[in-house]
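Take this structure, written in structure tokens, and hold onto it; I'll ask about it next.
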Amino acid sequence: MTDSPRNIILLSADALRADHLSCYGYHRETSPVLDEFAEESIRFENAYSASSHTREAVPALLTGKYPDVAVDSKYQLATETIASTLSQEGYATAGFHSNPFVSRAYGFDKGFDHFDDDLHLGQNKLVALAQRAFDKLRNRHYARAEEINERSLEWLDSLDQEEPFFLWNHYMDTHGPYEPPGEYATLYADRTVSDRDAQSLYQRAIDDPESITDEERQLLIDLYDAEIRYNDERIGEFIEELGSRDLLENSLLVVTADHGDAFGEHGYYEHPRFLQDEITQVPLFVREPGETDRAVSTPVSTLDIVSTFEHTAGLDMDSERVSLLDQLGDDRTVFLQARGEDADSHIRRYALRTREGACFCERDRETGAIDFVECSDRSLRDELEVHVTDRVRKESGDESTDEDEVDEEIERRLSALGYKE
């Protein structure tokens, strides 16, 4: 294990698309904190998530493995995470978030010394019932960024100063329904929208995207951008707290997202299981001690983050991945994948990205047929076909698509976030 940086910190935002940040060219100043952070970091201009939705994107982010092997057919964690790896190397490990899909119900607490998923499973039943009732009363779908910051800082303050640590904070604020708090509610929107109306509009955009008018679409974007600004400031507060504890200068700090969000660009909203840019291109910043101001245009994957952590800890990296701290060549291909759902549960979607272009295909698991839905370059098509053949071979043998029922509290939270079980 190397002496510097001794700590590893991962901050991820749910459903945060890169092109809505001002440091990625957006017309609104949605991210003044991350704009400044980018000036002391390596900023990746073409970073892609391994998938388009949390159930596959976060497992890939935490394991460095493609979703087809990172989780099983029921989305239970099936591969060791970076938390387990670093724990075995003597790191204290902790995770803080409130997304039920990557909670302890799906095995994501493994390897973490402390894992706060904002659920009450395993705690006193009366306390849990009281908390659940209170959450319903105040229309609470997830822990706000202030809460995530407070809980994780409390954990940091409990550590022995000589103990290296791995910390993962995952923020849900940019996930729909978009309900920016307080003064943020009218930061970009020209009228106040009640939480009930915001939830109704968000759900209708998912269920019936063709019914969304241009004015309603703009309202959704206005509210989303306000959530980004809110989350940006909270991330800034957390980074300031790290600095006040003298942790920035002996830590590797990575800021990214699990996926993006769509606003009708391809006929859908939210983040269904497709692989277009708006739901797969994510922000990615890597800050080393001593600071580095560098922009990288080479395509990279969120799968490369775990390899970067392994490299920092002095461990062997996956041979297929790179360290984001290295100088990368111009020519690189990254691959993405997503399982279909409902009527398309037999479909597997794959894509590749290079600096020159993109290629998309679908594979029918029942027939084995591959349909290239968008691919103009024959060489990219051939490369993607080879990749798909390799992934089919490596995918786990459990072909079941039935999902276990999850706790009542998880179902309530997922419903509030626009998910259907």
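If you read the sequence from its start, that first residue is 1, and numbering goes on from there.
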Exercise. Val388 versus Arg348: any side-chain heavy-atom pair under 4.5 Å?
Worked result: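 When only atoms from C-beta onward are counted, Arg348 and Val388 do not touch, as no gap falls below 4.5 Å.
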Exercise. Take atom CG in Asp331; do more than 12 heavy atoms of anything else shown fall under 6.0 Å from it?
Worked result: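 No.
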Exercise. Which heavy atom in Ser152 sits nearest to a heavy atom in Asn169, and how many Å separate them?
Worked result: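 Heavy atoms of Ser152 and Asn169 come nearest at OG-ND2, 3.0 Å.
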Problem set entry | Pair Lys394-Asp68, salt bridge (charged side-chain N to carboxylate O under 4.0 Å, His left out): steps then yes or no | CA-CA 8 Å; Lys394 291 180 179 179; Asp68 54 19; over 6 Å; no
Exercise. How many angstroms lie between OG in Ser49 and CD in Gln337, if you round to the nearest 0.5 Å?
Worked result: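 If I round to the nearest 0.5 Å, the distance is 10.5 Å.
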Exercise. Which residue pairs pass the side-chain hydrogen bond (donor to acceptor under 3.5 Å, both in side chains) test with at least one member in residues 154-167, sequence neighbours excluded?
Worked result: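 Listed once each, the pairs are Asp157-Arg245.
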Exercise. Would a distance-only check, ignoring hydrogens and angles, find a side-chain to backbone donor-acceptor pair under 3.5 Å from Ser251 to Leu253?
Worked result: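 Pair absent, no side-chain N/O of Ser251 close to backbone of Leu253.
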Exercise. Can the SG atoms of Cys359 and Cys375 be said to lie under 2.5 Å from each other?
Worked result: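 Yes, disulfide present: SG-SG under 2.5 Å.
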Exercise. Any side-chain heavy atom of Asp258 sitting closer than 4.5 Å to one from Val102?
Worked result: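 Asp258 vs Val102: side chains apart.
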Exercise. Tell me, do Arg349 and Val373 make a side-chain contact under 4.5 Å, heavy atoms counted?
Worked result: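 SC-SC contact between Arg349 and Val373 ruled out.
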For this session: Quickly, which of Tyr26, Phe263, Tyr188 forms a ring-ring contact (aromatic ring centres under 6.0 Å, His included) with Tyr224? Name it, please.
Result: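 Result: among Tyr26, Phe263, Tyr188, Phe263 is the only option passing the ring-ring contact (aromatic ring centres under 6.0 Å, His included) with Tyr224.
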Problem set entry | N/O donor-acceptor pair under 3.5 Å between Asn149 side chain and Arg234 backbone |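 Looks like yes, one N/O pair under 3.5 Å.
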For this session: State which residue, out of Asp304, Val300, Ile42, Val296, fulfils the side chain to side chain contact (heavy atoms under 4.5 Å, CB included) condition with Leu284.
Result: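 Considering Asp304, Val300, Ile42, Val296, a side chain to side chain contact (heavy atoms under 4.5 Å, CB included) with Leu284 is found only for Val300.
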For this session: State yes or no: are the ring centers of Phe335 and Tyr66 separated by less than 6.0 Å?
Result: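 No, they do not, as the ring centres are separated by 6.0 Å or more.
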For this session: Ignoring hydrogens and angles, tell me if any N or O in the side chain of Thr63 forms a donor-acceptor pair with the backbone of Thr81 under 3.5 Å.
Result: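 Side chain of Thr63 to backbone of Thr81, a donor-acceptor pair under 3.5 Å: no, none is there.
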Problem set entry | Criterion salt bridge (charged side-chain N to carboxylate O under 4.0 Å, His left out) on Asp222 and Arg28, from CA distance to verdict | CA-CA 10 Å; Asp222 292 342; Arg28 284 174 169 165; 2.7 Å; yes
Exercise. Does any donor atom in the side chain of His259 or Ser51 lie under 3.5 Å from an acceptor atom in the other side chain?
Worked result: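 Note: His259 and Ser51 side chains miss the donor-acceptor criterion.
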For this session: Mind checking the OG1-CD1 spacing from Thr308 to Ile305? Nearest 0.5 Å is all I need.
Result: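 Output value for this atom pair is 7.0 Å.
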Problem set entry | Any Asp117 side-chain heavy atom under 4.5 Å of Phe108 side chain |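 Asp117 does not reach Phe108 side chain to side chain.
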For this session: Take the angle between the ring planes of His271 and His175 and call it parallel below 30°, perpendicular above 60°, tilted in between.
Result: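 Rings of His271 and His175: perpendicular, as their planes differ by over 60°.
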Exercise. How far apart are the C-alpha atoms of Glu265 and Arg17, what are their side-chain angles, what is the distance that settles it, and do they pass the salt bridge (charged side-chain N to carboxylate O under 4.0 Å, His left out) test?
Worked result: CA-CA 13 Å; Glu265 293 90 344; Arg17 55 190 282 176; 2.9 Å; yes
For this session: Would you name the heavy atoms of Val69 and Ala78 that are closest together and state the gap between them?
Result: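 Closest approach of Val69 to Ala78: O-CB, 3.8 Å.
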Exercise. Do Glu249 and Arg287 pass the salt bridge (charged side-chain N to carboxylate O under 4.0 Å, His left out) test, and can you show the C-alpha distance, the side-chain angles, and the key distance before you say yes or no?
Worked result: CA-CA 10 Å; Glu249 295 317 310; Arg287 185 191 186 279; 2.9 Å; yes
Problem set entry | 4.5 Å side-chain heavy-atom contact, Glu183 and Leu187 |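 No, their side chains stay 4.5 Å or more apart.
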For this session: Please say whether the positively charged group of Arg151, taken as NZ for Lys or CZ for Arg, lies over the ring of Phe96, i.e. under 6.0 angstrom from the six-membered ring centre and within 45 degrees of the axis.
Result: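 The answer is no; the distance or angle limit is not met.
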Problem set entry | Thr298 versus Arg332, closest heavy-atom pair with distance |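 That closest heavy-atom pairing would be CG2-CB, 3.8 Å.
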For this session: Say whether, by atom type as modelled, one donor and one acceptor occur between the side chain of Asp72 and the main chain of Lys74 under 3.5 angstrom.
Result: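 Between the backbone of Lys74 and the side chain of Asp72 there is a qualifying donor-acceptor contact (under 3.5 Å).
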For this session: Would you check if the side chain of Thr302 reaches a backbone N or O of Ala50 as a donor-acceptor pair within less than 3.5 Å?
Result: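 Yes; at least one donor-acceptor contact below 3.5 Å.
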For this session: Kindly determine whether Asp173 and Tyr184 satisfy side-chain hydrogen bond (donor to acceptor under 3.5 Å, both in side chains), including the steps that lead there.
Result: CA-CA 12 Å; Asp173 307 276; Tyr184 297 91; over 6 Å; no
For this session: Ignoring hydrogens and angles, tell me if any N or O in the side chain of Asn250 forms a donor-acceptor pair with the backbone of Pro289 under 3.5 Å.
Result: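 No; zero donor-acceptor contacts below 3.5 Å.
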Exercise. CG of Asp293: more than 12 outside heavy atoms within 6.0 angstrom?
Worked result: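 It does: Asp293 CG has more than 12 such atoms within range.
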For this session: Taking atom types as modelled, find out whether Thr333 and Glu383 have a side-chain donor-acceptor pair closer than 3.5 angstrom.
Result: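 Per modelled atom types, Thr333 and Glu383 side chains form a pair under 3.5 Å.
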Exercise. What's the spacing between Asp225 CG and Leu220 CG if we round to 0.5 Å?
Worked result: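 Taking CG in Asp225 and CG in Leu220, the distance rounds to 11.0 Å.
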For this session: For the residue pair Leu201 and Arg204, establish whether any side-chain heavy-atom pair is separated by less than 4.5 Å.
Result: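 They are in side-chain contact.
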For this session: Could you check Leu336 against Phe360 for side chain to side chain contact (heavy atoms under 4.5 Å, CB included), going step by step and ending with a plain yes or no?
Result: CA-CA 9 Å; Leu336 306 79; Phe360 300 83; over 6 Å; no
Exercise. Under 6.0 Å from the CD atom of Glu216, do we count more than 12 heavy atoms belonging to anything else shown?
Worked result: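 Atom CD in Glu216 is packed in, count exceeds 12.
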Exercise. Cut-off 3.5 Å, side chains only: do Ser22 and Ser31 have a donor facing an acceptor?
Worked result: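 On atom types as modelled, these side chains qualify, holding a pair under 3.5 Å.
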For this session: Could you tell me which non-hydrogen atom of Phe44 sits nearest to which non-hydrogen atom of Leu324, and how far apart they are?
Result: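 For Phe44 and Leu324, the tightest heavy-atom pair comes out as CZ-O, 3.4 Å.
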Problem set entry | Name of the residue among Leu61, Thr85, Asp318, Ile82 meeting side chain to side chain contact (heavy atoms under 4.5 Å, CB included) with Val306 |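 Per the side chain to side chain contact (heavy atoms under 4.5 Å, CB included) rule, the option paired with Val306 is Ile82, out of Leu61, Thr85, Asp318, Ile82.
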Exercise. With no hydrogens and no angle check, is any side-chain donor or acceptor of Ser52 less than 3.5 Å from a backbone partner on Pro272?
Worked result: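 Pair found, side chain donor or acceptor close to backbone of Pro272.
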Exercise. Side chains of Gln203 and Asp207: donor-acceptor distance under 3.5 Å anywhere?
Worked result: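 Judged by distance alone, the side chains do pair up.
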Exercise. Just by modelled atom types, is the His20 backbone N or O under 3.5 Å from a matching donor or acceptor in the Thr30 side chain?
Worked result: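 Looks like yes, one N/O pair under 3.5 Å.
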Exercise. Are the aromatic rings of His266 and Phe274 close, with centres under 6.0 Å apart?
Worked result: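 Between His266 and Phe274, the centre distance exceeds or equals 6.0 Å.
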For this session: Tell me yes or no: between the side chains of His170 and Ser12, is some donor less than 3.5 Å from an acceptor?
Result: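 A donor-acceptor contact under 3.5 Å links the two side chains.
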Exercise. Hey, are the side chains of Asp113 and Tyr91 touching, using non-hydrogen atoms and a 4.5 Å cut-off?
Worked result: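 Of all side-chain heavy-atom pairs linking Tyr91 with Asp113, none is under 4.5 Å.
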Problem set entry | Leu62 side chain reached by Thr79 side chain, heavy atoms, under 4.5 Å |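 A side-chain contact is absent here, since even the closest heavy-atom pair is not under 4.5 Å.
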For this session: Indicate yes or no for a side-chain donor-acceptor contact from Glu227 to the backbone of Pro181 under 3.5 Å, with no hydrogens or angles considered.
Result: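 It does not hold such a pair.
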For this session: Mark yes or no for whether Asp277, through its side chain, and Gln281, through its backbone, hold a donor-acceptor pair below 3.5 Å.
Result: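 No: the side chain of Asp277 does not pair with the backbone of Gln281.
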For this session: Nearest 0.5 Å please: distance from the CG atom of Leu247 over to the CG atom of Leu167.
Result: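 It comes to 9.5 Å.
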For this session: Classify the side-chain pair Asn231/Thr174 by whether it contains a donor and acceptor separated by less than 3.5 Å.
Result: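 Judged by distance alone, the side chains do not pair up.
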Exercise. Between Arg43 and Tyr24, is NZ or CZ placed under 6.0 angstrom from the six-membered ring centre and within 45° of the ring axis?
Worked result: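 Positive - Arg43 is close enough to the ring of Tyr24 and near enough to its axis.
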For this session: State the CD-CG distance between Glu374 and Leu380, to the nearest 0.5 angstrom.
Result: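 Separation between the atoms: 11.5 Å.
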Problem set entry | Pairwise distance NZ(Lys110) to OG1(Thr93) - rounded to 0.5 angstrom |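 Between Lys110 NZ and Thr93 OG1, I get 14.5 Å after rounding to 0.5 Å.
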Exercise. Do His97 and Tyr142 have ring centres separated by under 6.0 Å?
Worked result: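 For His97 and Tyr142, the ring centres are not under 6.0 Å apart.
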